[in-house]
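Worksheet: the structure to be examined is printed underneath.
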Amino acid sequence: MQATLISPLPKAAPARYCRQAPPLPLPLPSTDDGKGALAAWQVRQLTAHIDANLCATLRTTHLAATLGLSVSHFSRAFKNAVGVPARVYVLRRRVAAACEAMLASDEPLTHIAHAHGFCDQSHFSRAFQMLIGMGPQAWRRSQR
């Protein structure tokens with residue numbers, strides 16, 4: 001499995017609070033011609049909500065309620081529109097925001113993990129390793 005590195009973004013102030021993740025391009029249209037997928041405006045509204053609330057607990061029930069959909073319909077429609085389940089998308093956004101914070105400051109990983117919605121550094125390290133292919137400290141050193 002090839003490691004995916006997130007490109008460095010411009011340096012910013014240290015992450016002492018919940019930071020908004022760097023923007024990602026909107027997902028490509030689904031292969032089923034939009035049948036059963038969220039509308040583009042719903043995807044934009046939901047991704048903006050997710051990015052603005054990365055430090056909060058983002059449950060599928062809350063995300064579905066944001067759009068006024070049932071959990072089962074939302075889960076299927078989100079995956080059809082974006083290509084991954086909502087929980088995976090949220091995890092990727094949290095890791096992307098944490099990467100930006102690691103490049104922008106020398107803050108301890110524990111503070112960065114907590115500021116981006118991870119319950120502890122161990123949870124952050126496991127998620128980071130799974131998505132990036134190396135630990136957060138090793139990635140931080142390799143980017144400097």
Side-chain angles (χ1 to χ4, degrees), residues 1-32 34 36-67 69 71-144:
M1 181 173 157
Q2 183 179 357
T4 305
L5 296 179
I6 298 173
S7 62
L9 297 169
K11 302 247 181 209
R16 298 203 188 284
Y17 51 88
C18 183
R19 298 193 43 174
Q20 188 167 345
L24 285 180
L26 288 177
L28 297 173
S30 62
T31 57
D32 65 355
L38 296 174
W41 69 268
Q42 289 175 310
V43 172
R44 282 191 301 274
Q45 179 182 350
L46 195 60
T47 54
H49 176 75
I50 289 169
D51 287 346
N53 295 291
L54 285 176
C55 62
T57 302
L58 293 170
R59 300 199 187 287
T60 306
T61 54
H62 175 71
L63 297 176
T66 301
L67 296 178
L69 302 173
V71 174
S72 60
H73 178 71
F74 167 79
S75 297
R76 181 179 36 79
F78 187 89
K79 186 172 181 179
N80 286 343
V82 179
V84 294
R87 64 178 180 76
V88 173
Y89 181 82
V90 169
L91 186 65
R92 288 180 181 176
R93 300 303 297 139
R94 285 182 170 152
V95 169
C99 285
E100 180 183 326
M102 286 189 298
L103 293 175
S105 74
D106 289 326
E107 243 186 302
L109 292 179
T110 302
H111 295 168
I112 292 172
H114 284 262
H116 293 88
F118 293 96
C119 58
D120 56 27
Q121 184 178 342
S122 176
H123 179 214
F124 173 57
S125 294
R126 283 191 316 273
F128 198 94
Q129 176 77 35
M130 181 183 69
L131 292 174
I132 305 296
M134 65 174 68
Q137 190 64 39
W139 182 86
R140 183 188 246 177
R141 278 193 300 266
S142 74
Q143 297 298 310
R144 293 197 173 183

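For Q121, the side-chain contact (heavy atoms from CB on, under 4.5 Å) partners two or more places apart in sequence, or in a different chain, are L109, T110, S125. In terms of the side-chain hydrogen bond (donor to acceptor under 3.5 Å, both in side chains) criterion, residue partners of H73 (sequence neighbours excluded) are, by chain and number, R76. Taking V88 as the reference, V84, P85, R92 meet the side-chain contact (heavy atoms from CB on, under 4.5 Å) condition, with sequence neighbours excluded. For the side-chain hydrogen bond (donor to acceptor under 3.5 Å, both in side chains) test, no residue two or more places apart in sequence or in another chain qualifies with R140. Applying the side-chain hydrogen bond (donor to acceptor under 3.5 Å, both in side chains) test to S122 and every residue at least two apart in sequence or in another chain returns R126. Applying the salt bridge (charged side-chain N to carboxylate O under 4.0 Å, His left out) criterion to D106, with sequence neighbours excluded, gives R144. Take A65 and apply the side-chain contact (heavy atoms from CB on, under 4.5 Å) test, not counting sequence neighbours, and it matches no residue.
Here the closest non-hydrogen pair linking F74 and A64 is CB-CB, 3.6 Å. Minimum interatomic distance between A81 and L38 (heavy atoms only, all atoms of both residues): CB-N, 3.7 Å. The nearest pair of heavy atoms linking V90 to L54 is O-CD2, 4.3 Å. Considering all non-hydrogen atoms of both residues, L58 and N53 come closest at CD1-O, 3.5 Å. When every heavy atom of M134 is checked against every heavy atom of Q129, the shortest pair comes out as C-OE1, 3.2 Å. Between D120 and A113, the shortest heavy-atom contact is O-CB, 4.0 Å.
For an aromatic pair to be called close, the ring centres must be under 6.0 Å apart, and H62 with H49 satisfies this.
Considering CH2 of W41 and CG of L46, their distance stands at 10.0 Å, rounded to 0.5 Å. Interatomic distance, W139 CH2 to Q137 CD, rounded to the nearest 0.5 Å: 11.0 Å. Put simply, CD on E107 and CE on M102 are 12.0 Å apart, with the number rounded to the nearest 0.5 Å.
Between the side chain of E100 and the backbone N or O of A97 there is no donor-acceptor pair closer than 3.5 Å. Although no hydrogens or angles enter the test, the distance criterion places a donor-acceptor pair under 3.5 Å between the side chain of T47 and the main chain of R44.
The aromatic rings of F128 and F124 stand perpendicular to each other, their planes meeting at an angle above 60°, with 30° marking the opposite boundary.
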Inset, instruction - Output, in order, the C-alpha distance, side-chain angles, deciding distance and verdict of side chain to side chain contact (heavy atoms under 4.5 Å, CB included) for L69 and F78. - result: CA-CA 11 Å; L69 302 173; F78 187 89; over 6 Å; no
